[in-house]
J.: 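Below is a structure I'd like to ask you about.
Just so it is clear, the structure is predicted and the values come from calculations on it, not from any experiment.
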Amino acid sequence: QVQLVESGGGLVQPGGSLRLSCAASRSIFSFNAMYWYRQCPGKEREFVAAISDIGSTNYVDSVKGRFTISRDTAKNTVYLQMNSLKPEDTAVYYCKAGITDRYWGQGTQVTVSS
């Protein structure tokens, strides 16, 4: 079992930045990868970014060049640095541990609006 706790969401103006955190209750090395997803009202949850156990990263095209996923293994924490935010980035952002859908965090709301 693992518990995931996201934080860092909030209201930000277009063009602004936020950094999301996902704190895990045990070593993130026990998972082949850690993920960020997001879900807008009325839409399916979509993949945003991933970081593998060897540190390779992957992003959905819509956030490439704006978002950066990283990790602090000593703190068992994964981050999502979000820059140049757009209104269409508004969503609940979720952290996931591992390739299955077993372990999800509770989500953190990000609202991009003027």
J.: Donor-acceptor check, side chain of Arg71 to backbone of Asp53, threshold 3.5 angstrom: yes or no?
T.: yes
J.: Let me confirm one number: the OG1-CH2 distance from Thr108 to Trp36, rounded to the nearest 0.5 Å.
T.: 7.5 Å
J.: At their closest point, which heavy atom of Gly9 faces which heavy atom of Val110, and how far apart are they?
T.: CA-CG2, 4.1 Å
J.: Val78 and Ile28: which non-hydrogen atoms are nearest, and at how many Å?
T.: CG2-CD1, 4.1 Å
J.: Got a sec, which residues hit salt bridge (charged side-chain N to carboxylate O under 4.0 Å, His left out) with Lys64, two or more places apart in sequence or on another chain?
T.: Asp61
J.: Measuring from Met34:CE to Leu80:CG, what's the distance to the nearest 0.5 Å?
T.: 12.0 Å
J.: Hey, is the main chain of Thr111 close enough, under 3.5 Å, to the side chain of Thr90 for a donor-acceptor pair?
T.: no
J.: Looking at Gly98 and Asn32, what are the two nearest heavy atoms and their distance?
T.: CA-OD1, 3.8 Å
J.: Where is the tightest heavy-atom contact between Glu6 and Gly107, given as atom of each residue plus distance?
T.: OE1-N, 2.9 Å
J.: Any idea which heavy atoms bring Ser114 and Pro14 closest together, and the distance?
T.: N-CD, 3.7 Å
J.: Return the minimal non-hydrogen interatomic distance between Ala24 and Leu4, and the atom names on each side.
T.: CB-CD2, 3.7 Å
J.: Mind checking whether Glu46 and Arg38 have side chains closer than 4.5 Å, heavy atoms only?
T.: yes
J.: Per the ring pair (Phe, Tyr, Trp, His ring centres under 6.0 Å) rule, what does the pair list look like for residues 72-114, sequence neighbours excluded?
T.: Phe31-Tyr103, Tyr37-Trp104
J.: Let me check something: do Ile99 and Tyr59 share a hydrophobic cluster, defined by ILVMFWY side-chain heavy atoms less than 4.5 Å apart, either directly or through other members?
T.: yes
J.: How about CD on Glu88, more than 12 heavy atoms from neighbouring residues, nucleotides or ligands closer than 6.0 Å, or not?
T.: yes
J.: Assess the side chains of Ser17 and Asn83: does a donor N or O sit below 3.5 Å from an acceptor N or O?
T.: yes
J.: If the condition is salt bridge (charged side-chain N to carboxylate O under 4.0 Å, His left out), which residues does Arg66 pass it with, not counting sequence neighbours?
T.: Asp89
J.: Can Met82 and Leu20 be said to form a side chain to side chain contact (heavy atoms under 4.5 Å, CB included), step by step?
T.: CA-CA 8 Å; Met82 306 186 296; Leu20 306 183; 3.8 Å; yes
J.: SG/Cys95 to CD/Gln106 distance, rounded to the nearest 0.5 angstrom?
T.: 9.5 Å
J.: Examine Ile51 and Val5 and state if one hydrophobic cluster contains both, with Ile, Leu, Val, Met, Phe, Trp and Tyr joined whenever side-chain heavy atoms are less than 4.5 Å apart.
T.: no
J.: So, do Gln81 and Ser70 sit near enough that their side-chain heavy atoms are less than 4.5 Å apart?
T.: no
J.: Is there a side-chain contact between Lys86 and Val112 in this structure, where contact means two heavy atoms from C-beta onward sitting under 4.5 Å apart?
T.: no
J.: With a 4.5 Å limit on heavy-atom distance, are the side chains of Arg102 and Gln1 in contact?
T.: yes
